[in-house]
Amino acid sequence: METVISLYAPLERLDNPSEPSLVEQARKGSRAAFGQLYQQYARMVHGILVARIPYSEVEDLVQDVFLLALRRLPGLKDDKAFPGWLSMIARNQAIDYLRRAPKTAELEESMLRQRPPEPEALEVLDTIRALPEAYRETLILRLVEGLTGPEIAEQTGLTPDSVRVNLHRGMKLLREKLEGRSTR
Amino acid sequence: MNEDYLWDKTGEPDPEIQRLEALLDPLGHKAGALPAWPAPRKHWLPVTLALAASLLIIFGAVWMLRVPRGPAWQVTTVQGTPGISRAGKGQSFSTDDKSRIRLDMDDVGEVLVEPNSKMSVVATRPEEQRLSLERGKIHAEIWAPPGRFYVNTPSAQTVDLGCQYTLEVNAKGEGLVRVSVGWVAFENDGRESFIPADAACATRPGKGPGIPYYEDAPQALRDAVNRFDVDADESAAGIILGQARQRDAISLWHLLRRVPPADRGRVYDRLSQFIKTPADVTRDGVVAANPQMIDSLWNALDLGTTSWWRTWKTHAPK
């Protein structure tokens with residue numbers, strides 16, 4: 001019998017009864033449920049933003065994404081769609097940020113308090129961010145946020161097949177770019 | 001590359017991937033404080049509440065009388081002069097050369113409508129959200145389950161399979177879809193094209209969906225796809241075969257379903273150079289357009305199985 005695989009398969013999460021419950025509880029005002037959703041999806045949101053906006057702005061925008069999601073939650077009628085819905089809010093917030101952001105970033109107090117990232121890490125991050133969109137988000141979720149392929153599929157709504165292809169092709173491209181950089 | 005380790009961190013660790021993980025880990029999300037919970041409003045006086053409730057009832061009654069009932073897209077003006085605030089079933093609207101609007105529906109997604117576009121809302125049922133784009137350009141970001149969001153164009157309908165894409169229709173009714181995330185299907189009278197991220201596909205009145213191609217494909221291949229779609233030009237098919245890269249196997253698979261029987265063999269031969277031909281597929285069977293074998297070839301493209309498409313069709317609204 002042929003296995004049915006959907007490219008985007010949010011309905012598969014029907015098997016997990018706890019998730020609709022968390023969304024429902026958060027909708028009704030449960031801070032604990034909202035906190036659990038935050039813990040569960042913060043890395044995914046963080047990764048989506050890291051793929052698109054200046055690294056120094058990401059933490060603040062993660063908070064904005066969850067607050068916006070909380071405000072809009074009453075309008076979400078299909079709890080199973082929560083992960084895909086949340087990831088789209090994150091992508092839209094990144095787009096809005098880029099529309100309104102000044103072209104030159106200033107050093108902010110929060111940046112000065114943070115331990116600066118390794119220069120090589122930022123260089124590799126820039127290399128990933130220059131990859132085609134389909135690959136960069138998946139690779140960042142895997143290499144920066146530490147999610148596994150199955151976790152990426154579950155949280156973004158992509159099917160495992162799509163994530164596997166994106167990881168494989170993205171990693172191959174990244175290796176080529178990094179090798180090209182080191183031989184220059 | 002250790003595929004298992006890249007996929008789920010099992011198997012023998014790949015040293016290069018481990019090095020990148022260690023290097024990039026400090027950039028990842030670190031558990032911190034939850035976002036501040038919105039503060040409750042404590043200073044509302046009963047009189048204020050009563051006044052607000054009265055106003056709400058009055059405005060609600062007026063609103064119910066003037067606005068069509070049922071689910072609707074919320075409309076936000078991004079640029080230009082606001083025209084409408086919501087768009088329900090049967091409503092048509094357009095943007096002028098200075099206007100852009102955003103359609104939003106929480107369970108479905110967002111659609112940015114560019115200037116000089118003309119659209120209408122065809123259906124707003126939970127299982128079928130359908131817009132029509134007569135001309136112009138839209139950007140769709142959809143989070144509804146696959147197969148619930150459709151856009152009609154003069155020559156084909158797009159079926160969202162969970163994705164972000166741009167769709168434009170020119171004055172001749174010719175359409176072009178460009179996918180940035182996920183998949184889109186183009187369909188018209190049984191003619192189908194499946195378009196993945198980073199790919200594009202044209203559709204033309206009287207001909208329907210063309211052959212999808214990756215946007216980084218050689219220009220000669222893209223030109224040949226255009227010629228083949230318009231004229232079914234046999235020499236164009238030859239150029240597509242000659243210019244195709246490994247990644248363009250998806251274009252060859254679609255070409256296989258478009259060429260006359262006499263040409264199927266050579267398309268199959270070229271496609272077989274890029275994929276591991278499944279054991280249940282024979283050249284003669286493909287030339288005879290055996291549907292199971294065509295499906296098996298798709299599955300060998302490593303882009304997911306054909307069954308997702310059938311799954312969508314099973315549940316699709318008629």
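Sequence lines set the chain letters: A, B, ... in the order given, protein chains first and strands last, and positions in each chain run from 1.
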What part of [X] lies closer than 4.5 angstrom to a heavy atom of chain B: side chain, backbone, both or neither?
X      : value
A/L49  : neither
A/L141 : neither
A/L86  : neither
A/V163 : both

Donor-acceptor contact present, side-chain [X] to main-chain [Y], <3.5 Å:
X      : Y      : value
B/E21  : A/G146 : no
A/W85  : A/K80  : no
A/R136 : A/G170 : no

>> Under the criterion side chain to side chain donor-acceptor pair (under 3.5 Å), I'd like the reasoning laid out for A/Q155 against A/R43: C-alpha separation, chi angles, the key distance, then a yes or no.
In response: CA-CA 10 Å; A/Q155 297 206 359; A/R43 285 191 297 170; over 6 Å; no

>> For B/D8, which atoms come within 4.5 Å of any heavy atom of chain A: side chain, backbone, both, or neither?
In response: both

>> Which residues pass the salt bridge (charged side-chain N to carboxylate O under 4.0 Å, His left out) test with B/R102, not counting sequence neighbours?
In response: B/E110

> When only pairs under 4.5 Å are counted, which of A/V45, A/L174, A/V124 shares the most heavy-atom pairs with chain B?
Replying inline: A/V124

> Who among A/A42, A/P132, A/S87 has the most heavy-atom pairs with chain B under 4.5 Å?
Replying inline: A/A42

>> Assess whether a salt bridge exists between A/R175 and A/E179, defined as any Lys/Arg side-chain N lying under 4.0 Å from an Asp/Glu carboxylate O.
In response: no

